Amino acid sequence: MKKIICIANQKGGVAKTTTAINLAACIAVSGRKVLLIDLDPQSNASSGLGVSVGAGQKGVYELLLGEATLEEVIYPTEIETLKVVPATVGLAGAEIELVPYPERETRLKQAVERSDSLFDFIIIDCPPSLGLLTLNALSLAHSVLVPMQCEYYSLQGLSHLLKTLKGVKRALNPNLKVEGILLTMYDPRTLLTGQVKEQVTTYFGDFLLKTVIPRNVRLSEAPSHGKPIVLYAGRSKGADAYVELAREIIARSKLSPTL
């Protein structure tokens, strides 16, 4: 069964794009066909997989505006079963340009649903905001994966994000579920990490994933080489964590808790 997962958090610097890249890659190396959609104007998910779009080439911006089909904006990666719809320069202005369009919150859904049967999983990397681009991803997705750094500012924003997701569920996507909350940059040696995990477990325990992503130098290095962690440093702690996350996501694909 095809599954569409949106990676979202309005707070930046929580390993959202790192998670999108490496979750997609680890699911793909398991033999599933995966599509990663880069919906962040910074295009880090695209470059992190070694995909760059030159002048005259099309990407997710053209897909949103109806100037290209999904098949026309799919690019290959080093992993045969992993494809990418990259972000292009024009995406930075897309939120303003989409305002006059009818059904502007569901443009991505309309474009992708025609051909989404080509893939087992679709992973969407969202910008660090809850604007129109993220709403397009939430309208399409079956579930939302929320990366969360182990610090109090991230904890404070979590309640707000979950309330927003409930609003999206009511207004745009009644089938939307929470895939889970993923603790990132996890360092068990610090007192703060333990306190934050305890708070998340107490208040959001139903959503907390078993896998945690540790602080790992190799994870930070991999994007500069245009490779996911399983290709750059397959025996690192970061690679082990994302392989485990992929296994957990595949196993719970029909068990995501409701909002």
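Keep in mind that this is a model prediction, so the values were computed, not measured.
The main-chain N or O of S224 is never found under 3.5 Å from a side-chain atom of K227 such that the two would form a donor-acceptor pair. Proximity of a side-chain donor or acceptor of T106 to a complementary backbone N or O of K109 within less than 3.5 Å is not detected. Remark: side-chain polar atoms of T77 are paired, donor with acceptor, to backbone N or O of L82 under 3.5 angstrom. Looking only at distances, no side-chain donor or acceptor of R218 sits under 3.5 Å from a matching main-chain atom of A233. For the pair T81 (side chain) and G31 (backbone), a donor-acceptor distance under 3.5 Å is absent. K16 places no side-chain N or O within donor-acceptor distance of the main-chain N or O of A8, the cut-off being under 3.5 Å. A donor-acceptor pair is defined here as one N or O able to donate and one able to accept, closer than 3.5 Å; such a pair exists between the side chain of E72 and the backbone of T69. In terms of modelled atom types and a separation under 3.5 Å, the side chain of N9 and the main chain of P147 share a donor-acceptor contact. The main-chain N or O of S43 is never found under 3.5 Å from a side-chain atom of D40 such that the two would form a donor-acceptor pair. Judged by distance alone, the side chain of K169 and the main-chain N or O of L176 form a donor-acceptor pair under 3.5 Å.
Residues Q10 and L161 are in side-chain contact: their nearest non-hydrogen atoms beyond the backbone lie under 4.5 Å apart. C6 is not listed as a side-chain neighbour of L140, based on a closest heavy-atom distance of 4.5 Å or more. No side-chain heavy atom of V73 sits less than 4.5 Å from a side-chain heavy atom of V53. Looking at F204 and S159, their side chains come closer than 4.5 Å, going by heavy atoms from C-beta outward. The shortest side-chain heavy-atom distance between L138 and V144 falls under the 4.5 Å cut-off. By the 4.5 Å heavy-atom criterion applied to side chains, P86 and V60 are not counted as neighbours. In this structure, the side chains of L145 and L209 come closer than 4.5 Å at one or more pairs of heavy atoms. Taking 4.5 Å as the limit, every side-chain heavy atom of I124 sits out of range of all side-chain heavy atoms of I5.
Heavy-atom minimum distance, V51 versus P76: CG2-O, 3.7 Å. The shortest heavy-atom contact between A15 and Y242 is O-OH, 4.3 Å. Nearest heavy-atom pair, Y61 versus T88, reported as atom, atom and distance to 0.1 Å: CB-OG1, 3.3 Å. Contact between L91 and P41 at its shortest, heavy atoms only, is CD2-N, 3.8 Å. Taking each heavy atom of L219 and P214 in turn, the nearest pair found is CD1-O, 4.0 Å. Between L70 and A111, the shortest heavy-atom contact is CB-O, 4.2 Å.
The OG atom of S236 lies 9.5 Å from the CD atom of E221; values are rounded to the nearest 0.5 Å. One finds the NE2 atom of H160 at 5.5 Å from the CG atom of L130 (value rounded to the nearest 0.5 Å). A distance of 4.5 Å separates CD1 in I4 from CD1 in I122, rounded to the nearest 0.5 Å. If you take CD1 on I181 and NZ on K197, they are separated by 13.0 Å, rounding to the nearest 0.5 Å. Note that the OG1 atom of T190 and the CE atom of M185 stand 13.0 Å from one another [nearest 0.5 Å]. Distance check: E103 CD to L172 CG gives 10.5 Å after rounding to the nearest 0.5 Å.
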| After noting the C-alpha distance and the side-chain angles of Y186 and Q149, does the key distance pass the side chain to side chain contact (heavy atoms under 4.5 Å, CB included) rule? | CA-CA 7 Å; Y186 189 87; Q149 187 178 356; over 6 Å; no
| said: Working note: L245 + L182, criterion side chain to side chain contact (heavy atoms under 4.5 Å, CB included); need CA distance, chi angles, decisive distance, verdict. | reply: CA-CA 9 Å; L245 176 63; L182 175 68; 3.8 Å; yes
| request: Any chance you could lay out the side chain to side chain contact (heavy atoms under 4.5 Å, CB included) test for C126 and L133, step after step, and finish with the verdict? | output: CA-CA 7 Å; C126 295; L133 291 176; over 6 Å; no
| query | Could you go step by step and tell me if V85 and L35 meet the side chain to side chain contact (heavy atoms under 4.5 Å, CB included) rule? | reply | CA-CA 7 Å; V85 176; L35 178 67; 3.8 Å; yes
| request: Go through the steps for K83 and E71 under the test salt bridge (charged side-chain N to carboxylate O under 4.0 Å, His left out), then give the verdict. | output: CA-CA 11 Å; K83 311 296 181 185; E71 290 83 357; over 6 Å; no
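Residues in residues 46-69 take part in no salt bridge (charged side-chain N to carboxylate O under 4.0 Å, His left out) pair, two or more places apart or across chains.
Side-chain contact check for D38 and S46: at least one donor-acceptor pair (N or O, by modelled atom type) lies under 3.5 Å. Between the side chains of T211 and E248, at least one donor N or O sits under 3.5 Å from an acceptor N or O.
Residues R252 and E179 are paired through a salt bridge, judged by an N-O separation under 4.0 Å between the basic side chain and the carboxylate. Ion pairing between E97 and R104 fails under the 4.0 Å rule for side-chain N and carboxylate O. Looking at K2 and D120, no side-chain N of the basic residue comes within less than 4.0 Å of a carboxylate O on the acidic one, giving no salt bridge.
Under the 4.5 Å side-chain heavy-atom criterion for ILVMFWY residues, a single connected hydrophobic cluster contains both F207 and L183. When hydrophobic clusters are built by joining Ile, Leu, Val, Met, Phe, Trp and Tyr residues whose side-chain heavy atoms come closer than 4.5 Å, directly or via intermediates, L158 is grouped together with V196. Taking hydrophobic clusters as Ile, Leu, Val, Met, Phe, Trp and Tyr residues chained together by side-chain heavy-atom distances below 4.5 Å, I21 does not share a cluster with V217. L98 and V89 sit in two unconnected hydrophobic clusters of ILVMFWY residues. Membership requires side-chain heavy atoms under 4.5 Å apart, directly or through other members. A continuous path of hydrophobic side-chain contacts links I27 to L231 [ILVMFWY only; heavy atoms under 4.5 Å].
With sequence neighbours excluded, the residues forming a side-chain hydrogen bond (donor to acceptor under 3.5 Å, both in side chains) with D187 are R189, listed by chain and number. The ring pair (Phe, Tyr, Trp, His ring centres under 6.0 Å) test applied to H225 returns Y232, not counting sequence neighbours.
Each of T19, T18, T17, N44 was compared with D125 under the side-chain hydrogen bond (donor to acceptor under 3.5 Å, both in side chains) criterion, and only T17 meets it.
Under a cut-off of 6.0 angstrom, the local environment of CD in E198 is sparse, with at most 12 non-hydrogen atoms contributed by other residues, nucleotides or ligands.
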